[in-house]
Structures are given as structure tokens and as C-alpha cells.
Amino acid sequence: MLSLRSQSSQRRPDGASDAPIVQVDGLTIRFPVGRAGFWGQHKLFVHAVDDVSFQIRRGETLGLVGESGSGKTTTGRAVLRRLQPTAGTIRFNGQDITHVTGEPLRQLRRNMQLVFQDPYASLNPRMRVFDIVAEPLLVHGLVGQTRDAEDRVAELLELVGLRATDMHRYPHAFSGGQRQRIGIARALALEPEFVVADEPVSALDVSVRAQVVNLLQDLQERLGLTYLFIAHDLSVVRHISHRVAIMYAGKIVEVGDRDAIYEDPRHPYTKALLSAVPIPDPKVEVTRRRVILSGSPPDLVDPPSGCRFHTRCPIAVDRCATDPPPFEDKARDHPAACWLA
């Protein structure tokens, strides 16, 4: 029987090693959306991700935060090589995987898995839980026949807080939180090192979210997993992440340790996001300074010049509209892209 590995001995006491398991440099992704001009001579592209760079250390959780349409999911799928980058490089365990294809890519994906956002749409309603969780084992040849995977599936279900007997049921018999646990079990079937969790709790009831987040943390501690945790719920991100990256209109505008981001944000967009999070203490809430943004996010087919946030920024100056701000340290290990930070 296959056994779940433990990598706790490979990690630092604080949960992350110094060497990055994922390193992204200059990642750019553009999607063609048609043509413009009298004869259609100009191709149009959505600039979904533009010159994004970050790294994730082994055993760490990097939270990727931003509003809808900012490029978070596109970035996560590109790191998993489910999308081909237009430019830039992606390294996994020191290996350049930007242009890996065919069988090497198939083998690589054993170590890189995805937990989907919607636990209702991500599970085939015509398949039993056993078949859903066992399928990766069969596809990658880790078991010879379906019946050989029964012990492994039982182990995985118990690992995520379900009963082994649940393998004989269909997805409709489970709640949203239980379905997400099944999705997590499927993602862990191949014993990956790196998991992209694409808003894994946003479709769940508030009462269930904490349970799933705690499960992900327990699995990270036990198995030595590394996460890219994509979300828009800032309270969840603060609870689970070691570092946080803020994304706006296809660009990362600030990165820092969790406490630095929440207690000393440098970019005005980060400050606006944090000011929108309610505090359950009325006395504290009434004294808070709210940052109200006007307008809408920019059109990514024709993004604005300079800083992409300048069209909504409450402190923008003339320079912001013409010169892109450099992404540089504003404090130790706390870079941000803002002229006025």
C-alpha cells in the first residue's frame, strides 16, 4: 500500500525552508480577444498577468489576494503549467519548467496539484468517491487495477476527516464542506509537494470555512506541503498565510510577511482592501479611517499607462500616470510598487 510521506524534518521550525520550491520571474500572460482597425490589422489582447515575479519557499503558504479579475487564478494555473506563459520563467525545485511539454510535464504534475474553488462543479456526479480519488493513481500507474487502490483511498479519506466507508457514496450525498474534503483528498493522492488552492473556501458556509482552513494547515504540518493560497477573504488569508502578495489589474503591487502587510501596508490599494474588512468591535470600527475607491478596475485590453492603480488611487500625482513605479523594498523584505509609499 502507498503511504503518505512526512516532510516535517525537511522544514525549518517556523514552517518554511530558505530555498524556494517555486520561483516565478517576469510572468506575462496575454489572451487574444480579436482585432481592431479598419482592416482588422491590429490584434487585441487581454493583459491578464503582466511581469509578475515572486517565490514560495518550501513548507510556506503564500497568500495571493486581489479583487475579481486581477489575475490571481490565471497566475496559479500558469504556475501549474495549465496555461502557457506569453513571457517569463517558472522554476520548480530549481528546474525551468516554462516550456516543459509531453511526458516530462505529465510526470511533473504529480508534484503540483490544484484544489478547485467550487466543490460542487469539481466532482463528477456520476462517479463514486472511490473512483474520483482513485483516478489519479490509475492515470499515473501507481496502482495496476482499480481494486488495488481501495486501501489508499480509505487512508486519504480518513486523512481529510471523512470515513473510509464514504468511498462507496456519490458526491450528491455530501455537504459542500465534505465535498471540498474529497477534492483535497484527490489532490493529495499523488503525494504532491506543491498545491495551488484556488479560493478553496469561498463557496462554503462561514461556519465550515474555518474547518477546511484548519485542515489545510494540519496537512501542511504533517506532510510538509507548500501552498499558493488564492483568495479574496483577507481574514482567511491572514489566518493561513506566512507571506501575502497583493495583486491588482494583472500586477503584484506589494509583497510582505503576513503581519507586515496587515499592520503596516505600504501600497494604497492594500490599504483600501484592509479598510474594507469590518471589525466586530463597534468602538474600534467607528474610529477607523476608510479608504473609498472611485471608479472601476481598468480595462485590461487597454491598460492605463504608468501605475495601473493611478486611475482610482486617492493619493496619485502626475508622475503616477506616466511612469510605472519600480517594485522595490519599502521596508526589509517588504517591496511595493508605489512612488509615494
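Along the sequence shown, residues carry numbers from 1.
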Say whether Ser235 and Asp233, considering side chains only, have a donor N or O and an acceptor N or O under 3.5 Å apart.
yes

So if you build clusters from Ile, Leu, Val, Met, Phe, Trp, Tyr with side-chain heavy-atom gaps below 4.5 Å, do Leu27 and Phe45 land together?
no

Closest heavy-atom pair, Val133 versus Pro136, reported as atoms and distance to 0.1 Å, is O-CD, 3.2 Å

Distance in Å, Leu188 CG paired with Glu191 CD, rounded so as to fall on 0.5 Å steps
9.0 Å

More than 12 heavy atoms of other groups within 6.0 Å of Asp259 CG
yes

Closest non-hydrogen atom pair between Arg266 and Ala331, with its separation
NH2-CB, 3.7 Å

So do Pro298 and Tyr248 actually touch side chain to side chain, heavy atoms under 4.5 Å?
yes

Is there a side chain to side chain contact (heavy atoms under 4.5 Å, CB included) between Thr75 and Leu64? Walk through the geometry before answering.
CA-CA 9 Å; Thr75 299; Leu64 186 58; 4.2 Å; yes

Over all atoms of both residues, closest heavy-atom pair of Cys307 and Pro325
CB-CD, 3.7 Å

Between the side chain of Gln113 and the main-chain N/O of Arg109, is any donor-acceptor distance below 3.5 Å?
yes

With no hydrogens and no angle check, just 3.5 Å: does a side-chain donor-acceptor pair link Glu193 and Asn93?
yes

pair Thr74-Phe31: side-chain heavy atoms closer than 4.5 Å:
yes

Judged by modelled atom types alone, do Gln84 and Arg81 share a side-chain donor-acceptor pair under 3.5 Å?
yes

Sub-4.5 Å side-chain heavy-atom contact between Gln217 and Ile240:
yes

Report yes or no: do Phe194 and Leu105 belong to one cluster of Ile/Leu/Val/Met/Phe/Trp/Tyr joined by side chain heavy-atom distances under 4.5 Å?
yes

Can you confirm whether Pro119 sits close enough to Leu204 that some side-chain heavy atom of one is under 4.5 Å from a side-chain heavy atom of the other?
yes

Looking only at heavy atoms, what is the nearest atom pair of Arg110 and Leu142, with distance?
NH2-CD2, 3.4 Å

Walk me through it: do Thr98 and Arg91 pass the test side chain to side chain contact (heavy atoms under 4.5 Å, CB included)?
CA-CA 7 Å; Thr98 313; Arg91 294 183 179 275; over 6 Å; no

Would you compute the distance between atom CG of Leu159 and atom CG of Leu215 and round it to the nearest 0.5 angstrom?
7.5 Å

Distance from Thr101 atom OG1 to Arg106 atom CZ, nearest 0.5 Å?
14.0 Å

Rounded to the nearest 0.5 angstrom, the NZ-CG distance for Lys251 and Leu300 is 11.0 Å

I'd like to know if the side chain of Thr226 reaches the main chain of Gly59, judged simply by a donor and an acceptor atom lying under 3.5 Å from each other, with no hydrogens or angles considered.
yes

Do Pro304 and His310 have side chains that approach each other closer than 4.5 Å (heavy atoms only, starting at C-beta)?
yes

Say whether Thr73 and Asp198, considering side chains only, have a donor N or O and an acceptor N or O under 3.5 Å apart.
yes

Treat each ILVMFWY residue as a node, draw an edge where side-chain heavy atoms are under 4.5 Å apart, and state whether Met127 and Leu162 are in one component.
yes

Is there a path of hydrophobic side-chain contacts, each under 4.5 Å between heavy atoms of I, L, V, M, F, W or Y residues, that connects Ile315 with Val291?
no

Between Arg258, Gln220, Arg243, which is the residue that forms a side chain to side chain donor-acceptor pair (under 3.5 Å) with Thr61?
Gln220

In sequence, state the C-alpha distance, the side-chain angles, and the governing distance for Phe309 and His267, and then conclude on side chain to side chain contact (heavy atoms under 4.5 Å, CB included).
CA-CA 10 Å; Phe309 186 58; His267 198 278; 3.8 Å; yes

Does the side chain of Val65 come within less than 4.5 Å of Met247's, by heavy atoms?
no

From Leu225 atom CG to Ile184 atom CD1, the distance as rounded to the nearest 0.5 Å
10.5 Å

So do Leu62 and His242 actually touch side chain to side chain, heavy atoms under 4.5 Å?
no

Stepwise, does the side chain to side chain contact (heavy atoms under 4.5 Å, CB included) test hold for Phe116 with Val196?
CA-CA 9 Å; Phe116 295 91; Val196 174; over 6 Å; no

Kindly work out whether a path of hydrophobic side-chain contacts (I/L/V/M/F/W/Y, heavy atoms less than 4.5 Å apart) joins Val115 to Tyr120.
no

How about Val236 and Phe229: do any of their side-chain heavy atoms sit closer than 4.5 Å?
yes

Name each donor-acceptor pair under 3.5 Å that joins a side chain in residues 333-341 to protein atoms two or more places apart or in another chain, with its distance.
residue	atom	partner	partner atom	Å
His334	NE2	Glu254	OE2	2.5
Trp339	NE1	Asp323	O	2.9

Closest non-hydrogen atom pair, Lys72 against Ser70:
CG-OG, 3.3 Å

Is a side-chain donor-acceptor pair under 3.5 Å present for His232 with Glu67?
no

Would you mind checking if Glu60 and Arg58 are paired as a salt bridge, meaning a charged N to carboxylate O distance below 4.0 Å?
no

Kindly confirm or rule out a cation-pi arrangement of Arg126 over Tyr170, judged by NZ or CZ under 6.0 Å from the six-membered ring centre and within 45° of its axis?
no

Rounded distance (nearest 0.5 Å) linking atom NE2 of His168 with atom CZ of Phe130:
8.5 Å

For the student: nearest non-hydrogen atoms of Tyr269 and Ile246, plus distance
CD2-CG2, 3.7 Å

Between Glu103 and Gln107, a side-chain donor and acceptor under 3.5 Å
yes

